[in-house]
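What follows is a single structure, written as C-alpha cells, with notes after it.
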Amino acid sequence: MFDAIVLASAAATWVINKLLNSLSKAAIKALLKKEDLDQEVEKLKNALQRANLVLGAVPVGVAAGVKIENTNLEEPIQEVQQLATELTKYLDELEYYDIKDKNIPKKSWMKTITHAVGHSNPTKTDKVYIARIRAIVEKLHNLCGNVYEALYAEKLGAIIRASKTTSTDTREAAQYSTQTKVFSRDNVKNKILEVISTRASSDQVSIIPIVGDGGVGKTTLAQLVYNDLEVKSKFDIMIWIYVSANFDEVKLTQKILEQIPECGHKNTNSLAGLQHDMNKFLSKRFLLVLDDMWEESEGRWDKLLAPIRATQVKGNVILVTTRSLSVARITTRTEADHINLDGLDEHDFFPFFKRCIFGDENFQVQRKLLKIAEDIASKLNRNPLAAKSVGSLLRRNVNVEDWIRIRDSDEWRFNERNDDIMPALKLSYNHLPYHLQLLFSYCAIFPKGYKFEKEELICTWIALGFVVHERKKLEDQGSDCFDDLVDWSFFHKHEQYFVVHDLMHDVAQEVMVKKCLIIDCLDLRKVFPSTCHLGIWTELAYNEQSIERNEDFEEKLDAIQDKDILKRLESLILVGLYDENCSAKLATIIEQLHYVRVLRLQFNDDILLASVKKFIHLRYLELRYTSDMQKPLPKHICELYHLQILDVRHWNGLNDLPEGMNNLVNLRYLLVPGSGSLHSKISKVGDLEFLQELKEFRVQKKDGFDISQLGNLKEIKGSLSILDLENVTSKEEATRAGIKQKKHLRTLSLSWGSASASPAAIQEKVMEGLKPHENLAHLTVVNYAGATPLWFAKNLSLTNLESLHLQDCATMKLLPPFQIMPFLRTLSLVGLSSLKDFQIDFRSYEKDELELSEIEILNCSALPSIGLHSCKALTKLSIKDCGALTKLSIANCEALASLELEGTPSSDQLMLNIQGCSQLPSGFISN
C-alpha cells in the first residue's frame with residue numbers, strides 16, 4: 001500500500017506541474033480572465049503548489065523511513081491526478097481555439113467550439129463549457145486542500161525534512177567512471193576462435209550457437225569475436241544482424257545483402273530474387289552473426305540458409321546467440337559446437353560488480369559499504385546485466401543508509417528462480433526518479449529489438465508532455481534525461497541507434513501493462529480501461545511479397561473497437577503494410593480517437609487520413625505514404641495548431657507543401673524528404689517562432705519570402721542555407737534576418753544566384769549585415785562578388801570555425817587570419833580569381849592544438865604563391881588549375897614533406913595532389 005501511495009504521489013506531482021505550466025501561459029491567462037475565472041484559478045494555483053509541496057516530498061520521505069499510516073490517501077491523490085489531467089485537456093482546447101480565432105478573425109473561439117461539437121445554441125454551449133472548467137477548478141481546489149491537510153497530519157515536517165536531506169540528483173555520482181571491461185570470457189572466446197581456425201578449409205558453413213539466459217553476455221561475447229583483429233583478418237565480409245522474435249526470411253536476406261560491400265542488389269520483396277543476389281554477391285569468405293534468435297521452425301531456418309549453404313567459398317562461419325536450446329539444436333546437430341554461457345565465475349563477478357559501481361575493481365571503499373555490496377552481489381546470480389543495472393543504482397548515492405535500503409528491499413522477495421534477475425532490474429527501475437520512469441516505460445509500446453533514434457524519441461516525449469522544464473530548452477532537458485537513462489543502463493548504444501535489452505523491455509511492459517498495449521502477430525494482451533498508448537505492428541502479420549487477408553490479426557483489432565480507451569488514447573503508432581480489410585478496421589479505430597497527441601501512420605489509402613483534421617490535441621504527426629501514386633499533403637494539416645513535429649520524410653513523391661504552413665505556430669520540426677529544399681516553400685515562415693530547424697530559405701521579392709522572415713527564428717539550430725541573396729538590397733534588410741543572434745546555428749551557407757546577379761557594392765553591404773554568431777562551426781559562401789567583409793577579415797569573430805568553403809567569390813583578395821582559427825579542419829577555395837597570396841602559419845601552436853587536416857585550392861587563376869608553415873595535422877593537400885602559381889613553400893608540415901621527399905604513394909589518409917599548375921617548376925616544393 002505504501003508503494004501505491006508513493007507512486008500515486010509521484011504521478012500526481014508530475015501532472016500538477018504540467019497543469020501549473022499550462023496555467024502560467026500568457027494566452028491561457030488572458031482567456032480565463034476573459035471569462036472571469038482568473039481569481040478562482042489564482043486560488044487554485046496556490047492550492048496546487050501547497051499540495052505539490054507535500055506530494056513531491058512523499059516518495060523521498062517514505063524512502064527515508066517516514067511511515068504514512070493513512071492507507072486511504074491513495075484514492076484522493078489519484079483523483080487529484082485525474083482532475084488535473086482533465087483540466088489540462090480543457091485548457092489545451094481553449095488554447096487551440098484561441099489560435100484558430102487569430103487565424104480566422106471573424107469567428108470567436110467559443111463559436112468555433114460550438115461549431116466543432118455540433119451544437120446550434122452558442123450561448124448555451126458557452127455557458128456549459130465554462131461551467132465545466134469552473135466546476136473542475138472548484139473541485140480540484142477543495143481536493144488539493146484536503147490532500148494537503150491529510151498529509152500534514154502524516155508528519156509533514158518529517159516528510160519535507162527527509163526530502164531535503166535525501167539526494168535525488170541523478171547525476172550525483174558522476175565522479176565515478178563506468179567504463180566496464182569484459183571479465184572471464186577469454187577461455188570461451190578462444191574456444192570460438194579455435195573452431196573458426198579449424199574450419200578454415202571446411203566446405204560447409206560452420207554454425208556456432210551461443211546459448212545462455214538473458215543478460216549473461218551472449219551478445220557481448222559475440223561482439224568480442226566479431227571485433228577481434230585476428231578474426232577480421234580471416235574474413236572478407238563481416239555481417240551483423242539483430243533477429244529477435246521477428247524472423248522473416250525476406251527481411252533478413254535483405255539485411256544481409258545491405259551489409260555486403262559493393263552489393264548492387266535490387267530492392268525487391270521476392271525471396272527467390274534476393275537469394276539469387278545472395279549467391280552472386282556472397283563470393284568471398286564471410287562471418288555472419290545472427291543476434292538474439294528465437295525461431296524454432298527448421299523449415300524457415302533452412303530457407304534462410306539455402307543460398308548460404310550453396311556458396312562455393314570455404315570456411316564461412318555463422319554465430320547465433322539465443323536463449324533457447326531448441327533453437328541451438330535446429331542450427332546445428334553437433335552439440336559439441338554449442339557454446340553454453342552461464343553467469344560470470346564467482347571469483348570474477350564481485351570485481352566486475354565493483355567496476356560497475358566505481359569504474360575500477362580495485363577502488364578502495366570503506367569496509368561496511370564493501371560488505372553491503374557483497375550482500376547485494378549475492379542476489380544477482382552472477383549476471384552481468386543485473387550487475388550493470390544495480391551497479392548504476394548504487395553509484396547514485398554512495399552511502400551506507402541508501403545501500404542498506406536497497407539490500408533489504410522487498411523486491412528481492414519476488415525472486416522466483418535461482419537464476420532470475422528480474423527483481424534486480426525491477427529494483428533499478430523503482431529507484432529511478434518518477435519522470436525517468438515515465439520516459440523509459442513508454443518504450444513498452446515498441447517491440448523488442450526496436451532501434452531507437454535519440455532525437456526522435458525525445459521529440460515523442462516532448463509531444464506527450466513528458467518533458468517539462470521552466471528554463472531549459474525542452475530538447476536539452478529531454479537529452480539530459482535520455483543520457484541519464486543510458487547511464488543507468490536502461491538504453492545501450494548499438495551502432496548509431498540505441499536499444500533496450502529484452503529483459504529491460506520486459507520490465508517496461510510489466511510496469512505499463514495497464515497503460516501500453518501492443519497489437520502484433522503474438523497473442524493479444526489484456527485490454528485495460530486505463531490504456532492510453534497503442535502500438536500496432538503489422539510487420540509479421542502480412543507478407544510483403546503478397547499481402548493477403550489475415551483474419552486473426554483483424555480479430556485483434558476488433559477486440560479494441562468501440563472501446564472507451566480509443567477516446568482517451570494519447571498516442572497511436574501504426575507501422576507496417578496491411579490489406580484493404582485491415583485498412584477499413586484501422587480507419588474505424590482512428591475515427592474514435594479524440595485526445596491523441598502522437599500519431600504515426602503508415603498508409604497508402606486516404607481513408608486513414610479522413611479523421612486527422614479533428615485531432616486538435618495532436619503534437620506529433622508522422623505520415624508514411626507508401627503508394628507509387630503521387631499525392632499532395634492534405635491542406636487540413638495546417639489547422640492542427642498544437643502540432644510540434646510533422647514528419648513526412650517517407651511520403652513518396654512529395655514535392656510541395658500546402659498553403660498555410662505558417663499557421664502551425666507551435667511547430668518545432670518539419671521533417672521532409674531529401675536535403676530539406678521543401679523548407680524554402682513555406683510562406684511567412686517567420687510566424688513559426690519555435691522552429692528548431694530550417695534547412696533552406698530562398699529569398700524572393702514576393703510577400704512572405706523576404707529575408708526578414710528569418711528574424712523571428714531565434715531558436716533554429718543545425719544547418720541553414722540562404723539562397724538567392726541577390727534579392728536583398730541593403731545592409732539594413734540583411735540585418736533583419738538576425739543571423740548574428742542565432743547562437744545555436746552550426747552550419748551556414750550564403751549563396752547568390754550568380755556573381756553578377758546584383759551590383760558588387762550592394763552585395764558587400766548585404767554581406768556585412770549577415771555576420772554570423774561566433775559559435776558557427778561551418779561556413780560556405782558561393783557566388784559572392786564583393787570584397788571580403790570586415791567581420792571575416794580584420795575583425796574576425798569566427799574563431800570557432802571547423803570548415804570553410806569559398807566558391808566563385810571572384811573579387812575577394814583578402815582571406816581571414818588563419819593563425820587565430822585553431823579549430824579549422826577543412827579549407828576549400830574554389831574560383832577565387834582575384835586572390836594574390838595564400839599563407840598559413842601555425843608556429844605559435846603546439847602540434848596537438850591544431851586540427852587543419854585538409855586544404856583544397858582549385859581554379860585560383862591569379863594566385864602566384866602558396867605558403868604553409870607548421871600545419872602539422874595536414875594530411876591532404878589538393879591544388880588544381882592554378883595557372884599563375886610559381887612557388888609552393890611547405891615548412892614543418894611533417895606528413896606532406898615525407899610524401900614529397902620519400903615518394904610515399906598517395907592514399908585516402910595521406911594525399912598530395914597537384915595538377916594543372918603549368919608555371920610551377922619541377923622539384924616545386926621549397927622545404
Are the side chain of Asn800 and the backbone N or O of Glu774 linked by a donor-acceptor pair below 3.5 Å?
yes

Applying ring-ring contact (aromatic ring centres under 6.0 Å, His included) to Tyr595 and not counting sequence neighbours gives His617

Rounded to the nearest 0.5 Å, the CG atom of Leu671 sits from the CH2 atom of Trp651 at a distance of 14.5 Å

Check: Can you check whether Ile136 reaches Ile133 side chain to side chain, under 4.5 Å on heavy atoms?
Finding: no

Here the gap from Leu140 atom CG to Glu86 atom CD, rounded to the nearest 0.5 Å, amounts to 10.0 Å

Hey, what's the ring geometry for Phe491 with Phe452, parallel, tilted or perpendicular (30° and 60° as the breaks)? perpendicular

ask   = Does NZ belonging to Lys472 count more than 12 external heavy atoms closer than 6.0 Å?
value = yes

| said: Can you confirm whether Lys771 sits close enough to Ser797 that some side-chain heavy atom of one is under 4.5 Å from a side-chain heavy atom of the other? | reply: yes

Note to self: Looking at Lys742 and Pro772, would you say the former's side chain and the latter's main chain have a donor-acceptor pair under 3.5 Å?
What the structure shows: no

Smallest heavy-atom separation, Ile645 atom then Cys459 atom, equals CD1-O, 3.7 Å

Working note: Ile739 + Ile722, criterion side-chain contact (heavy atoms from CB on, under 4.5 Å); need CA distance, chi angles, decisive distance, verdict. CA-CA 11 Å; Ile739 303 299; Ile722 307 177; 3.8 Å; yes

With a sphere of 6.0 Å drawn around NZ of Lys454, does it hold more than 12 non-hydrogen atoms of other residues, nucleotides or ligands? yes

Residue pairs meeting side chain to side chain donor-acceptor pair (under 3.5 Å), one or both in residues 15-24, sequence neighbours left out, come to Asn17-Asn52

Item checked: salt bridge (Lys or Arg N to Asp or Glu O under 4.0 Å) evaluation trace for Glu851 with Arg825 -> CA-CA 5 Å; Glu851 300 188 28; Arg825 294 179 182 174; 2.7 Å; yes

With a 4.0 Å cut-off, would you call Arg600 and Asp647 a salt bridge? no

Here the gap from Arg568 atom CZ to Thr85 atom OG1, rounded to the nearest 0.5 Å, amounts to 12.0 Å

message = Can you confirm whether Tyr242 sits close enough to Tyr497 that some side-chain heavy atom of one is under 4.5 Å from a side-chain heavy atom of the other?
response = no

One pair to check against salt bridge (Lys or Arg N to Asp or Glu O under 4.0 Å): Lys717 and Glu455. What are the steps and the verdict? CA-CA 13 Å; Lys717 56 188 179 182; Glu455 289 73 19; over 6 Å; no

CG (Asp480) and CG (Leu485) are apart, to the nearest 0.5 Å, by 11.5 Å

In this structure, OH of Tyr90 is separated from CG of Leu94 (nearest 0.5 Å) by 10.0 Å

Working for side-chain contact (heavy atoms from CB on, under 4.5 Å), residues Leu572 and Ile590: CA-CA 9 Å; Leu572 170 61; Ile590 292 171; 4.0 Å; yes

Classify the ring geometry between Phe490 and Tyr429 as parallel (under 30°), tilted (30 to 60°) or perpendicular (over 60°).
-> perpendicular

Heavy atoms of Val80 and Cys144 approach each other most closely as CG1-SG, 4.3 Å

For a 4.5 angstrom cut-off between non-hydrogen side-chain atoms, does Tyr450 reach Val500? no

Taking every heavy atom of Leu640 against every heavy atom of Leu664, the minimum-distance pair comes out as O-CD2, 3.3 Å

Distance col, row Lys743:NZ vs Glu715:CD, nearest 0.5 angstrom, shows 10.0 Å

With a 6.0 Å cut-off (strictly less than), is the heavy-atom count around NZ of Lys473, excluding the residue itself, greater than 12?
yes

For the residue pair Leu464 and Arg619, establish whether any side-chain heavy-atom pair is separated by less than 4.5 Å. no

Here the pair of heavy atoms bringing Cys481 nearest to Leu439 is CB-CD1, 3.5 Å

Discussion item. Can a side-chain donor-acceptor contact be found between Tyr442 and Ser571 if the only test is distance below 3.5 angstrom?
Written reply: yes

Give a yes or no on whether the backbone of Val672 and the side-chain of His679 come within a donor-acceptor separation of less than 3.5 Å. no

Open item on the list: I'd like to know if Arg624 pairs up with Glu622 as an ion pair, taking the criterion as any Lys NZ or Arg NE/NH1/NH2 lying under 4.0 Å from an Asp or Glu carboxylate oxygen.
Closed with: yes

* **Thr88 side-chain N/O to Ala84 backbone N/O, donor-acceptor pair under 3.5 Å** => yes

Heavy-atom nearest pair, His141 first then Ala47, reads CD2-CB, 3.8 Å

Please examine the side chains of Val15 and Gln82, heavy atoms only from C-beta on, and report whether any two atoms are closer than 4.5 Å.
no

Does any N or O in the side chain of Gln709 come within less than 3.5 Å of the main-chain N or O of Gly686, such that one atom is a donor and the other an acceptor? yes

Can you tell if the side chain of Leu646 reaches within under 4.5 Å of the side chain of Met661, non-hydrogen atoms only? yes

* Side chains of Met504 and Phe440: does their closest heavy-atom pair fall under 4.5 Å? -> yes

Between Lys695 and Ser675, a side-chain donor and acceptor under 3.5 Å
no

- Please say whether more than 12 non-hydrogen atoms of neighbouring residues, nucleotides or ligands are located less than 6.0 Å from NZ in Lys613. no

Closest heavy-atom pair, Cys443 versus Leu457, reported as atoms and distance to 0.1 Å, is SG-CD2, 4.3 Å

